[in-house]
Amino acid sequence: MIKAIVFDLDDTLYSEKDFVYGAFEIVSEFIANNKNLESKFIFEQMIKTLDTHGRGKIFDIVCDENSIDIPIDDLVEVYRNSKPKISLFNESLEILIFLKKQGYKVGIITDGISIVQWNKIKQLDIEAYVDNVIVTGDFGDGFSKPNTKSFIEMAKLFNLKPDEIIYVGDNPNKDFIGAREVGYKTVQIKNKYSEYGDLQLDKNYEADYIIYNLLDLMLVLQEIKN
């Protein structure tokens with residue numbers, strides 16, 4: 001019998017791109033204020049660099065190409081401490097309310113820099129609907145998913161057996177193999193925001209169930225119950 005549902009955060013409950021773009025705007029304003037530049041121009045350069053090069057060296061490239069001599073560490077610090085306006089998907093809020101009304105325990109396990117992920121959680125105003133949150137960055141290096149530590153710890157927090165818990169995420173590279181190894185049921189959400197919808201991996205990496213809208217989790221719960 002399923003007693004708890006645990007969610008991934010980024011691109012499962014809200015659009016991570018909204019956070020990234022919002023944080024870029026804040027960093028762009030910081031640069032503009034310090035270097036007498038147009039923040040809109042800097043922001044557009046960051047988006048262009050993200051699209052071309054992906055994550056990793058965006059601030060380095062933008063600063064190098066525009067002769068901006070602000071220490072990169074300062075920009076990273078501004079980014080990590082930024083609190084842009086973000087919001088849950090409509091269906092995320094709806095399913096969270098449904099789960100609480102039905103008596104399920106609800107949790108979040110999310111990878112990332114601790115301060116960044118906790119800021120996201122606060123900005124999403126989600127804590128009223130969630131019983132436990134684990135940010136794997138709080139454990140230190142090496143404990144990101146698919147490491148099993150977060151799944152084991154979440155089960156302990158709930159005082160439940162792993163087979164009484166479902167984990168819902170979007171990324172087969174890391175979201176399901178550790179959860180399944182511990183004993184969780186797993187569900188992949190393939191919504192329009194996820195970049196992993198067409199990804200096919202070894203079956204050990206795949207989820208037990210696939211849904212295309214978080215509200216379809218109701219059907220999964222009913223199927224498991226039956």
Side-chain angles (χ1 to χ4, degrees), residues 7-66 68-97 106 108-130 133-138 144-145 168-171 173-175 189-197 213-214:
F7 294 91
D8 172 51
L9 183 64
D10 298 319
D11 290 331
T12 296
L13 293 176
Y14 86 106
S15 173
E16 188 183 14
K17 183 181 284 187
D18 290 348
F19 176 85
V20 172
Y21 280 25
F24 279 175
E25 287 182 337
I26 292 169
V27 175
S28 299
E29 290 168 4
F30 176 83
I31 293 172
N33 291 336
N34 281 273
K35 293 297 176 182
N36 196 28
L37 295 168
E38 266 306 323
S39 63
K40 183 180 178 182
F41 170 76
I42 298 300
F43 174 73
E44 289 171 350
Q45 292 294 301
M46 289 181 183
I47 299 302
K48 178 183 175 182
T49 304
L50 175 65
D51 292 341
T52 304
H53 299 280
R55 300 193 190 189
K57 295 289 184 180
I58 294 171
F59 298 153
D60 302 74
I61 294 169
V62 170
C63 287
D64 184 58
E65 290 182 348
N66 296 280
I68 298 168
D69 59 352
I70 297 175
I72 301 302
D73 286 349
D74 290 359
L75 301 182
V76 170
E77 191 71 11
V78 172
Y79 181 94
R80 289 181 176 175
N81 285 281
S82 63
K83 298 176 181 177
K85 185 176 180 180
I86 53 178
S87 58
L88 294 168
F89 299 136
N90 289 336
E91 59 267 28
S92 299
L93 184 57
E94 198 170 332
I95 195 67
L96 290 171
I97 291 171
V106 177
I108 291 173
I109 295 175
T110 177
D111 284 341
I113 303 295
S114 182
I115 190 172
V116 175
Q117 298 307 104
W118 282 111
N119 279 342
K120 291 175 182 177
I121 289 162
K122 289 183 174 62
Q123 290 300 103
L124 289 168
D125 197 23
I126 199 174
E127 290 169 293
Y129 306 100
V130 176
V133 177
I134 289 178
V135 176
T136 61
D138 289 338
S144 298
K145 297 173 289 182
V168 183
D170 71 307
N171 184 355
N173 289 304
K174 62 177 184 174
D175 280 339
I189 173 69
K190 291 187 177 184
N191 57 30
K192 64 182 180 180
Y193 302 97
S194 175
E195 58 185 286
Y196 306 104
N213 185 300
L214 281 177

Taken to the nearest 0.5 Å, the spacing of Tyr21 OH from Ile47 CD1 works out to 4.0 Å
>> With a 4.5 Å cut-off on side-chain heavy atoms, are Val27 and Ser82 touching?
In response: no
Report, as yes or no, whether the 6.0 Å neighbourhood of atom CG on Asp125 holds more than 12 heavy atoms from other residues, nucleotides or ligands. no
- Query: Do Asp10 and Phe19 come close enough that some side-chain heavy atom pair is under 4.5 Å?
  - Reply: no
Check your understanding: So Phe24 and Tyr79, would you call those rings parallel, tilted or perpendicular, with 30° and 60° as cut-offs?
Key -> tilted
*Crowding at NZ, Lys83 (>12 non-hydrogen neighbours, <6.0 Å)*: no
So CE of Met46 and CD1 of Ile31: to nearest 0.5 Å the spacing works out to 4.0 Å
* **Polar side-chain atom of Asp175 near backbone of Asp170 as donor-acceptor pair, under 3.5 Å** => yes
Give a yes or no on this: more than 12 heavy atoms of other residues, nucleotides or ligands lie within 6.0 Å of atom CG of Asn90.
-> no
Within a strict 4.5 Å, meaning less than it, do heavy atoms of the Arg55 and Val20 side chains meet? yes
- Message: Are there over 12 heavy-atom neighbours, none belonging to Asn36, within less than 6.0 Å of that residue's CG?
- Response: no
request  = Before accepting this row, confirm whether a basic side-chain N of the pair Lys17/Asp11 lies closer than 4.0 Å to the acidic partner's carboxylate O.
outcome  = no
Do Lys120 and Tyr14 come close enough that some side-chain heavy atom pair is under 4.5 Å?
yes
**Message:** I want to check something: taking the side chain as every heavy atom from C-beta on, are Ile189 and Glu91 in contact at a cut-off of under 4.5 Å?
**Reply:** no
So, does Asn66 use its side chain to make a donor-acceptor pair with the main chain of Ile68 at under 3.5 Å? no
*Is it the case that Glu77 and Asn81 place a side-chain donor and acceptor less than 3.5 Å from each other?*
yes
So CD1 of Ile70 and CG of Asp73: to nearest 0.5 Å the spacing works out to 12.5 Å
